[in-house]
Amino acid sequence: SIYVSGPNGVIRVWKGGEEKSVAALQGHRDLVTSMTVLKDGSLLSSSADGSLIHWNTKAYIGQAKYSGSEKSLSCCIVVYNRSLASRLHTDTDHVFIGGSWDSNLYLWNPRHVTPIKVLSAHDNPVKALVSFESEAGMRLASGAANGEIIIWDLTQLRIMNKISAHTEAIYSLGFENDMLISSSRDNKIRFWDQKLELAREFESEDGFARKFSIFRKNFMVVLSGVKTIEIWDLKTQRVVEKRESKDIISEVTVMDDNKILVARRNEVNALKYVNKKMTTIKVIHKFRTQVRYPPMVVKSVFDALFTANQ
């Protein structure tokens with residue numbers, strides 16, 4: 001399935017190679033800021049209206065709508081950790097976490113619509129979140145609009161470290177190969193080791209680094225500025241392929257090893273990176289995507305589509 005957020009907070013759903021969307025998820029009163037898929041296949045979305053919605057993707061309805069933040073929620077993740085769930089006295093194995101423009105992090109028990117915990121430490125809006133396992137246990141990284149990253153101990157719910165990671169707003173966080181990765185409006189993509197020391201740095205060539213994804217272990221796709229996709233070789237630390245678009249690119253995400261989904265203003269394309277070139281496999285869907293926040297293309301199950309079009 002593919003989920004793309006569009007104008008007015010509507011999330012469109014497509015299945016396989018269908019030409020038309022099979023459903024429209026309606027519940028948010030403002031633009032969708034992020035989405036993530038749970039292990040059971042359901043969907044969690046955050047919105048500029050300050051809410052989270054947990055969607056039943058079989059019946060295409062909202063299971064629950066979570067409130068708490070009076071300002072926009074800019075990001076959301078699902079953390080599976082029984083120790084954290086037990087500490088928060090939940091009866092599930094996971095917790096929903098949202099980052100807000102009010103600088104706070106909100107934690108929800110999926111069975112209750114109001115937050116069970118609020119973490120306050122940032123002085124600027126929270127822009128990105130990622131959870132990861134470290135040698136010392138489960139950790140959460142939160143990135144803010146002032147370029148600061150805070151590392152949280154999710155078992156004890158306390159701050160472990162703070163770093164001034166960038167000079168401008170952080171747009172995206174990730175964790176690959178035992179390294180925390182951050183991208184920013186300062187055009188930099190930085191790799192941090194377990195001691196939170198800077199291990200590697202890349203500079204986007206065509207503008208601020210809005211989004212990145214690692215694929216085939218040694219390659220990274222970067223959404224540079226608003227109209228350029230860059231492919232970086234992580235070994236040589238050089239751009240090996242670049243593609244510019246005439247239209248605004250809202251989102252880039254990697255599927256499998258070398259398949260890339262690109263959401264433009266009016267369509268979603270599937271690209272394939274092979275022989276040092278990006279080739280368009282298929283224009284998957286025509287749909288007007290939102291551009292104020294990048295829509296998230298998630299749940300990478302496209303085997304039938306790509307098999308039919310290779």
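Nothing fancy with the numbering, it's 1 onward along the sequence.
- In terms of modelled atom types and a separation under 3.5 Å, the side chain of Arg210 and the main chain of Ile249 share a donor-acceptor contact.
- Ser21 has its side chain out of reach of Val13: every pair of non-hydrogen atoms, C-beta onward, lies at least 4.5 Å apart.
- Under the 4.5 Å side-chain contact rule for hydrophobic residues, Val113 and Tyr106 share a cluster.
- Applying ring pair (Phe, Tyr, Trp, His ring centres under 6.0 Å) to Phe96 and the options Trp108, Tyr66, Tyr80 leaves one that passes, Tyr66.
- Between atom CD of residue Gln63 and atom OG of residue Ser42 there is a gap of 5.5 Å, rounded to the nearest 0.5 Å.
- Note that OG1 of Thr57 is 7.0 Å distant from CG of Leu43, once rounded to the nearest 0.5 Å.
- Scanning both residues, Asn81 and Leu84, for their nearest heavy atoms gives OD1-N, 2.7 Å.
- Contact check for Ile11 versus Ile53: no side-chain heavy atoms found under the 4.5 Å cut-off.
- Of the possible polar contacts, none joining the Ser213 side chain to the Val221 backbone as a donor-acceptor pair under 3.5 Å is found.
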Practice task
Begin with the C-alpha distance, continue with both residues' side-chain angles, and end with the deciding distance and a verdict on side-chain contact (heavy atoms from CB on, under 4.5 Å) for Leu38 and His54.
Solution key: CA-CA 9 Å; Leu38 281 69; His54 185 200; 3.7 Å; yes
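- Here the OG atom belonging to Ser74 is positioned 7.0 Å from the CG atom belonging to Leu129, to the nearest 0.5 angstrom.
- The CD atom of Glu168 sits 11.0 Å away from the CG atom of Asn146 when rounded to the nearest 0.5 Å.
- Judged by distance alone, the side chain of Lys65 and the main-chain N or O of Gly27 form a donor-acceptor pair under 3.5 Å.
- Residues Leu52 and Cys76 share a closest heavy-atom pair of CD2-CB, 3.6 Å.
- Atom CG of Leu223 sits about 7.0 Å away from atom CD1 of Ile229, to the nearest 0.5 Å.
- Scanning for salt bridge (Lys or Arg N to Asp or Glu O under 4.0 Å) contacts around Asp247 gives Arg265, with sequence neighbours left out.
- Trp152 places none of its side-chain heavy atoms less than 4.5 Å from the side chain of Leu157.
- Trp192 and Phe132 end up in the same hydrophobic cluster when Ile, Leu, Val, Met, Phe, Trp and Tyr side chains are linked at under 4.5 Å.
- Side-chain contact between Ile214 and Leu234: present, with at least one pair of heavy atoms (C-beta onward) separated by less than 4.5 Å.
- Of the possible polar contacts, one joining the Thr90 side chain to the Ala85 backbone as a donor-acceptor pair under 3.5 Å is found.
- No path of Ile, Leu, Val, Met, Phe, Trp and Tyr side chains, each step under 4.5 Å between heavy atoms, connects Leu105 with Leu73, placing them in separate hydrophobic clusters.
- Cluster annotation: Ile181 and Leu173 are assigned to distinct hydrophobic clusters (Ile/Leu/Val/Met/Phe/Trp/Tyr, side-chain heavy-atom contacts under 4.5 Å, transitive).
- The backbone N or O of Thr167 lies less than 3.5 Å from a partner atom in the side chain of Asp186, making a donor-acceptor pair.
- Considering Ser51, Ser72, Ser100, Ser34 in turn, Ser34 is the only one that fulfils the side chain to side chain donor-acceptor pair (under 3.5 Å) rule with Ser46.
- Contact annotation: the side chain of Thr155 never approaches that of Arg87 to less than 4.5 Å [non-hydrogen atoms, C-beta and beyond].
- Side-chain N or O atoms of Ser172 include none that pairs as donor or acceptor with a backbone N or O of Ser183 at under 3.5 Å.
- Judged by distance alone, with hydrogens and angles left aside, the side-chain atoms of Asn177 form no donor-acceptor pair with the main-chain N or O of Met179 at under 3.5 Å.
- Using a distance-only test at 3.5 Å, with no hydrogens or angles considered, no donor-acceptor pair links the side chain of Arg139 to the main chain of Met160.
- Contacts of Asp40 classified as salt bridge (Lys or Arg N to Asp or Glu O under 4.0 Å), with partners at least two apart in sequence or in another chain: none.
- In this structure, the side chains of Ile77 and Leu140 come closer than 4.5 Å at one or more pairs of heavy atoms.
- Between Leu119 and Leu107 there is a side-chain heavy-atom pair separated by less than 4.5 Å.
- Put simply, the side chain of Phe215 reaches to within 4.5 Å of the side chain of Tyr273, judged on heavy atoms.
- Minimum heavy-atom separation, Ala209 to Tyr171: O-CD1, 3.6 Å.
- Counting only distance, with no hydrogens or angles, the side chain of Ser134 and the backbone of Gly137 share a donor-acceptor pair below 3.5 Å.
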Exercise for the section: Starting from the C-alpha separation in whole Å, work towards a yes-or-no answer on side-chain contact (heavy atoms from CB on, under 4.5 Å) for Val222 and Val239. Expected result: CA-CA 10 Å; Val222 177; Val239 175; over 6 Å; no
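- In terms of modelled atom types and a separation under 3.5 Å, the side chain of Asp49 and the main chain of Arg29 share a donor-acceptor contact.
- Nearest heavy atoms, Ile149 versus Ala141: CG2-CB, 4.3 Å.
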Handout entry: side-chain contact (heavy atoms from CB on, under 4.5 Å) assessment of His166 paired with Ser182
Key = CA-CA 9 Å; His166 294 271; Ser182 58; 2.7 Å; yes
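- Note on Ile163 and Val130: same hydrophobic cluster, where clusters join Ile, Leu, Val, Met, Phe, Trp and Tyr whose side-chain heavy atoms are under 4.5 Å apart, directly or indirectly.
- Expressed to the nearest 0.5 Å, how far CZ of Arg111 lies from CD1 of Ile116 amounts to 12.0 Å.
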N/O donor-acceptor pairs under 3.5 Å from side chains in residues 201-208, not counting sequence neighbours:
{"from": "Glu201", "atom 1": "OE1", "to": "Arg190", "atom 2": "NE", "distance (Å)": "2.6"}
{"from": "Glu201", "atom 1": "OE1", "to": "Arg190", "atom 2": "NH2", "distance (Å)": "2.9"}
{"from": "Ser204", "atom 1": "OG", "to": "Gly207", "atom 2": "O", "distance (Å)": "2.9"}
{"from": "Ser204", "atom 1": "OG", "to": "Ser224", "atom 2": "OG", "distance (Å)": "2.4"}
{"from": "Glu205", "atom 1": "OE1", "to": "Lys242", "atom 2": "NZ", "distance (Å)": "2.8"}
{"from": "Asp206", "atom 1": "OD2", "to": "Lys242", "atom 2": "NZ", "distance (Å)": "2.9"}

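- The two residues Glu148 and Lys162 have their closest heavy-atom pair at OE2-CD, 3.6 Å.
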Exercise for the section: Dump the intermediate steps for side-chain contact (heavy atoms from CB on, under 4.5 Å) on Leu196 and Leu180, then the final yes or no. Expected result: CA-CA 8 Å; Leu196 293 180; Leu180 176 66; 4.3 Å; yes
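- The shortest heavy-atom contact between Val10 and Ala24 is CG1-CB, 3.9 Å.
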